[in-house]
Amino acid sequence: MGSIPFLPPSASSVSGEVDAFYFFMVAVTAFFSLLVFGLVVFMAVKYRRKSDQDQPRAILGSVPLEIVWTAIPFLIGMVMFGWSAKIFFTIMTPPEDAIEMYATGKQWMWKIQHRNGKREINELHVPVGQAIKLKMTSEDVIHSFFVPAFRTKMDVLPGRYTTTWFRPTKVGKYHLFCTEYCGTKHSGMIGWVYVMQPEDYQKWLQGDSGEGTLAQRGEKLFNELGCANCHRTDGKGRGPSLVGVAGEMVELERGAKVLADEEYLRESILNPQAKLVAGYQGIMPVFQGLVSEDQLLQLIEYLKSIGKTQKAPAAKPAAPASRTAATAATVQGKGL
Ligand code: CUA
């Protein structure tokens, strides 16, 4: 179908089915439009008034006809509903094997962070054949992340995370657009997605990733912002220890419970009073406006790295934990 003008290339695991559904709807609509207009013309000619005495016979309804023209559109409607729901669920459900990346929309650019610490602007490099899950948020207003070749589009909202995923199937360079009017240079908020062979992607990923992984940067921030002073790893700080918290249920005041997912962690950094952990006082300062969305993602990556979700594979948390404790000790020594 690449020869159809205006149709973007089809380069993801869902794009073929989205196109098929689209053409099915176009075909159904075209068929009925032609049928109706054809019949209008045909009837107008066939049953035109042939003489002054020509009087049409009154029609008093027909039950079989009513049933037919109710049932057929109903069935076609249900096929459209069922098919589109199936595609919708596929697009909305990231597969288990998806690798995670972070995108932040900002007037007027796309900032991408890879978990190993590599960052890019208005460019997104991904390996072919691999499912990619993008966790997205905005620094300012609503943007929308759209890659026509993948047939995926998702709004990017300030103050919360949205997720989109795709599995690119063809190596190449594809347009990335913002599809939500977001100010003067909305039309310039465009970029490129580079789909690479896995080996090339690995090479690209290893090239100067700068100051360590996202989790390492998050840990650095955790210390710089003074989080480690109170959130001591021995659990004796003024705030709860955050080791093993990410991805777990957290107990709040009055017996309520909440899952410590990215959304909860983000809220608890920006507005700590919103959901206080049971047994702790609301003394943590508000970090709203003090940390950027990119930094929040780094902090969350760090919390995930010392959280339940990441703890199983290695005994690695010991190192950051002891360093955190050491920092806490030094800072406390200064009477802060
Ligand atoms: Cu961002 Cu339009």
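Counting starts at 1 for both ligands and their atoms, in listed order.
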- Are any of the side-chain heavy atoms of F166 and V195 separated by less than 4.5 Å? no

- Task: Anything under 30° is parallel, anything over 60° is perpendicular, the rest tilted; go ahead and classify W83 against F24.
- Result: tilted

- Message: Counting backbone and side-chain atoms alike, is an N, O or S atom of Q107 positioned under 2.8 Å from atom 1 (Cu) of ligand 1?
- Response: no

- Message: Between K86 and E17, does any side-chain N to carboxylate O distance fall below 4.0 Å?
- Response: yes

- Query: Got a salt bridge between E199 and K203, using NZ or NE/NH1/NH2 to carboxylate O under 4.0 Å?
  - Reply: no

- Note on the structure: Row for atom 1 (Cu) of ligand 1: angle SG (C182) to SD (M189), 10° precision, value 110°

- Look at H143 and state whether any of its N, O or S atoms is less than 2.8 Å from atom 1 (Cu) of ligand 1. yes

- Task: With atom 2 (Cu) of ligand 1 as the reference point, give the N/O/S atom of E180 that is nearest.
- Result: O

- Item | Non-hydrogen side-chain atoms of P9 and Y174 separated by less than 4.5 Å | yes

- Task: Check all N, O or S atoms of H186 and name the one closest to atom 2 (Cu) of ligand 1.
- Result: ND1

